[in-house]
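The structure appears right after this line, and notes come after that.
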Amino acid sequence: MLNYILVLLIIISFVFYFYFKTKQFRTTRMLPIRKKMYAGMAGSSLGGILLFFGLNQLVLFDKATTYIIAAIFIALGLYVIIFNYRAYSHYKQFVIEEAELNEH
């Protein structure tokens, strides 16, 4: 049952990655900060794919090499999520400021 949940989370992460990457490419050249914000969101989703894939491997297999490879995937996934979430948070401030300036 846990395997199916992890596979569902991998698929959801991939869908979010594809969605945010599409938003990044479709954003006009006039909004470069918004492109970077979407890139951060897409990167976080990519980190989610890596994290859930590593966890799924732990559930499916029980060899020593699997534990090592899964640990690498989990650590890399967490790093990518944290790094891109920080980038997203940084650029989100500027997008909010840009929206406030364009309101007036």
Side-chain angles (χ1 to χ4, degrees):
M1 182 66 183
L2 183 60
N3 180 33
Y4 295 121
I5 294 170
L6 290 171
V7 169
L8 181 66
L9 290 173
I10 291 169
I11 293 169
I12 290 170
S13 295
F14 180 75
V15 168
F16 276 117
Y17 173 75
F18 185 72
Y19 174 75
F20 290 129
K21 209 52 152 164
T22 303
K23 296 263 303 176
Q24 177 189 354
F25 286 124
R26 293 182 59 107
T27 302
T28 62
R29 288 185 287 151
M30 301 301 289
L31 305 170
I33 298 296
R34 192 162 294 189
K35 279 186 166 224
K36 291 181 181 181
M37 184 185 77
Y38 287 135
M41 295 167 82
S44 293
S45 299
L46 185 63
I49 292 170
L50 291 172
L51 174 70
F52 295 133
F53 182 77
L55 291 172
N56 192 30
Q57 294 306 306
L58 285 178
V59 170
L60 291 177
F61 305 108
D62 60 344
K63 303 261 183 184
T65 56
T66 303
Y67 292 139
I68 294 169
I69 300 295
I72 292 170
F73 271 101
I74 292 169
L76 186 62
L78 286 173
Y79 174 74
V80 170
I81 288 171
I82 292 169
F83 178 80
N84 284 300
Y85 180 75
R86 287 182 180 170
Y88 160 73
S89 298
H90 176 73
Y91 292 123
K92 183 180 174 186
Q93 299 170 1
F94 297 114
V95 169
I96 291 171
E97 182 181 325
E98 181 183 56
E100 289 173 355
L101 289 175
N102 289 333
E103 276 182 5
H104 302 288

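It should be emphasised that the depicted structure is a prediction, and the values quoted were computed from it without experimental measurement.
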Original post:
So which heavy atom on Gly48 is nearest to which on Ser13, and how close?
Top reply: C-OG, 3.9 Å
Original post:
Where is the tightest heavy-atom contact between Gly54 and Ala70, given as atom of each residue plus distance?
Top reply: O-CB, 3.5 Å
Any side-chain heavy-atom pair of [X] and [Y] under 4.5 Å:
| X | Y | value |
| --- | --- | --- |
| Ile74 | Leu58 | yes |
| Val7 | Phe52 | no |
| Gln24 | Phe20 | no |

From [atom1] ([X]) to [atom2] ([Y]), nearest 0.5 Å:
| X | Y | atom1 | atom2 | answer |
| --- | --- | --- | --- | --- |
| Glu97 | Lys92 | CD | NZ | 14.5 Å |
| Leu6 | Leu51 | CG | CG | 9.0 Å |
| Thr65 | Gln57 | OG1 | CD | 10.5 Å |
| Leu55 | Leu2 | CG | CG | 8.5 Å |
| Leu76 | Ile81 | CG | CD1 | 10.0 Å |
| Tyr17 | Ser45 | OH | OG | 9.5 Å |

Tell me whether [X] shares a hydrophobic cluster with [Y], the cluster being built from Ile, Leu, Val, Met, Phe, Trp, Tyr side chains joined at under 4.5 Å.
| X | Y | answer |
| --- | --- | --- |
| Val59 | Ile11 | no |
| Met37 | Phe18 | no |
| Phe53 | Ile12 | no |
| Phe25 | Tyr19 | no |
| Ile69 | Ile10 | yes |

Original post:
Quick check: does any side chain N or O of Thr66 sit under 3.5 Å from a backbone N or O of Asp62, one acting as donor and the other as acceptor?
Top reply: no
Subject >> Within 6.0 Å of NZ in Lys35, more than 12 heavy atoms from elsewhere >> reply: yes
Original post:
Does OH in Tyr67 sit with more than 12 non-hydrogen atoms of other residues, nucleotides or ligands closer than 6.0 Å?
Top reply: yes
Original post:
Parallel, tilted or perpendicular for Tyr85 and Tyr88, by the 30°/60° rule?
Top reply: tilted
